[in-house]
Undergrad: 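My questions will all concern the structure given below.
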Amino acid sequence: MPRSTPVAALAVPALAVPALAAPAARVHESLVLEPRDVRFDWARLPLHWIPDEPMATHVINVLHLLLPEGERWFVKVFKEALPLIRDEQLREEVLGFIGQEAIHAEAHQEVLDHLLGQGLDPRPYVRQVSWLFQRVLGDKPGLTPAQRRENVIERVAFVAAIEHFTAFLGNWALNSPGLDRAKADPTMLDLLRWHGAEEVEHRSVAFDLMVHLDPGYLRRVRGMALSGPLLVHLWVRGARFLLAADPTLQGRLKPSWREAGRIARRGLLPDPIRSIRSGLRYLRPGYHPTQEGSSSQALGYLATSPAARAAAAHG
Ligand SMILES: [Fe+2]
Ligand SMILES: [Fe+2]
């Protein structure tokens, strides 16, 4: 559990600071991140786990398509960044982040396996996601040490921008009574809220790591400029894929922004306009992830989450 300790200022990085630099030292409450080894039983999960809401179900299901590959890639990038860290507190936070993301990836992988058992084969889409993370965003052979360092920092900036969205989505999941009203499956709700709460809990780690390695504002902008549009593209493609692959729909349902907006107004999806605005907030010079979401709400959920409580009991 997080403890309240004196604030930690991040070390000034060795790299030259560009003219458009944001403040180099970010000061925030230090964290102790605890990986919670949760288990979920999907045996009784219906295909449309928000009853009679296949569109909302599959738009959220895109998480399960993206996160196993994506979060394994986060873990890989952060392990590569470990030797570059010159601040012990940040290093501990990065290790905690790695532990949490590794468990998230496996939890969502189990949902993918369940979808396959229900006749919805996610593998063609997952292969594309895997190609993206492992080939396009993966290791580049033959780099000099300086190029390699640059490549790692660039990928950390990419993770930091995505983590802005995972915290945004986590915060939404923790504040989504519409899903309860619609009688969404309680186990899936617990997965979304447990994961969402941990995303809120560790929301500053990737950003602080990026600033530690390069405080330049341009690095932050580039991370968002690349990852924001890519994430939207992957989400739209993923929703289309799932709706087309759903054996009970047989391609009858097509996703549209207008329909997504209508579903969001009923509280079953994050509002698309708010999501884009949130991405723009990341570009404000004084931005820090702790300005978004509530750590105490996240920890409050983790104290009551059935999966997190069971994990704590099994220690
Ligand atoms: Fe995660
Ligand atoms: Fe995360």
Side-chain angles (χ1 to χ4, degrees), residues 2 28 31-40 60-82 90-112 126 129 133 137 155-174 188-212 220 223-224 227-228 230-231 234-235 238 270 275 278-279 282 287-295 297-299 301-302 305 307-308 311:
H28 64 93
L31 286 170
V32 175
L33 295 170
E34 168 199 356
R36 300 168 182 86
D37 193 10
V38 293
R39 298 275 186 274
F40 298 95
I60 297 178
N61 274 345
V62 175
L63 282 171
H64 313 306
L65 296 178
L66 297 179
L67 290 177
E69 288 292 335
E71 293 186 311
R72 283 177 201 131
W73 180 79
F74 289 5
V75 167
K76 197 167 172 306
V77 170
F78 274 39
K79 282 184 176 169
E80 289 177 35
L82 278 173
L90 180 60
R91 187 183 166 76
E92 286 303 313
E93 291 177 12
V94 167
L95 288 170
F97 177 99
I98 287 172
Q100 290 191 339
E101 296 294 16
I103 293 174
H104 297 172
E106 295 321 307
H108 289 275
Q109 179 67 48
E110 286 173 13
V111 183
L112 276 186
V126 172
V129 176
F133 283 108
L137 298 169
R155 288 187 286 160
V156 166
F158 198 86
V159 176
I162 298 177
E163 282 285 296
H164 171 79
F165 289 112
T166 57
F168 171 82
L169 293 172
N171 189 39
W172 176 81
L174 290 171
M188 181 59 80
L189 277 187
D190 190 30
L191 167 79
L192 296 174
R193 289 176 177 159
W194 153 76
H195 187 175
E198 291 200 347
E199 291 302 321
V200 171
E201 184 188 23
H202 74 216
R203 66 196 182 285
S204 59
V205 177
F207 185 88
D208 287 348
L209 177 59
M210 173 183 71
V211 173
H212 178 68
R220 186 191 339 167
M224 180 53 80
S227 67
L230 178 66
L231 210 54
L234 288 173
W235 217 289
S275 309
S278 153
Y282 185 81
Y287 167 87
H288 188 265
T290 46
Q291 296 158 359
E292 311 255 333
S294 157
S295 295
Q297 186 189 28
L299 294 171
Y301 183 76
L302 290 166
S305 153

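When a ligand or atom number is given, it counts from 1 through the structure's own listing order. Residue numbers run from 1 in the order of the sequence given.
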Undergrad: Only N/O/S atoms count here: what is the atom of E199 closest to the Fe ion (ligand 1) called?
TA: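 Closest N, O or S atom of E199 to the Fe ion (ligand 1): OE2.
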Undergrad: In this structure, is the centre-to-centre distance between the rings of W73 and F158 below 6.0 Å?
TA: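 When the ring centroids of F158 and W73 are compared, they turn out to be within the sub-6.0 Å range.
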Undergrad: Between the side chains of H104 and E198, is a donor N or O closer than 3.5 angstrom to an acceptor N or O?
TA: yes
Undergrad: Kindly give the atom name of the N, O or S atom of E101 closest to the Fe ion (ligand 1).
TA: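 In E101, the N, O or S atom with the shortest distance to the Fe ion (ligand 1) is OE1.
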Undergrad: To 10 degrees, how wide is the angle OE1 (E163) to the Fe ion (ligand 2) to NE2 (H202)?
TA: 80°
Undergrad: Is the Fe ion (ligand 1) less than 2.8 Å from an N/O/S atom of E198, whether that atom is in the backbone or a side chain?
TA: no
Undergrad: Distance only, no hydrogens: is a donor on one side chain within 3.5 Å (strictly under) of an acceptor on the other, for Q100 and E199?
TA: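 Distance-only check fails for Q100 and E199.
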Undergrad: Can you confirm whether the side chains of H64 and Q109 place a donor and an acceptor under 3.5 Å from each other?
TA: no
Undergrad: Any idea which N/O/S atom from E71 gets closest to the Fe ion (ligand 1)?
TA: OE2
Undergrad: Tell me, which N, O or S atom in H104 is closest to the Fe ion (ligand 1)?
TA: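 Closest N, O or S atom of H104 to the Fe ion (ligand 1): ND1.
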Undergrad: Do S278 and H164 get their side chains close enough for a donor-acceptor pair, meaning under 3.5 Å?
TA: yes
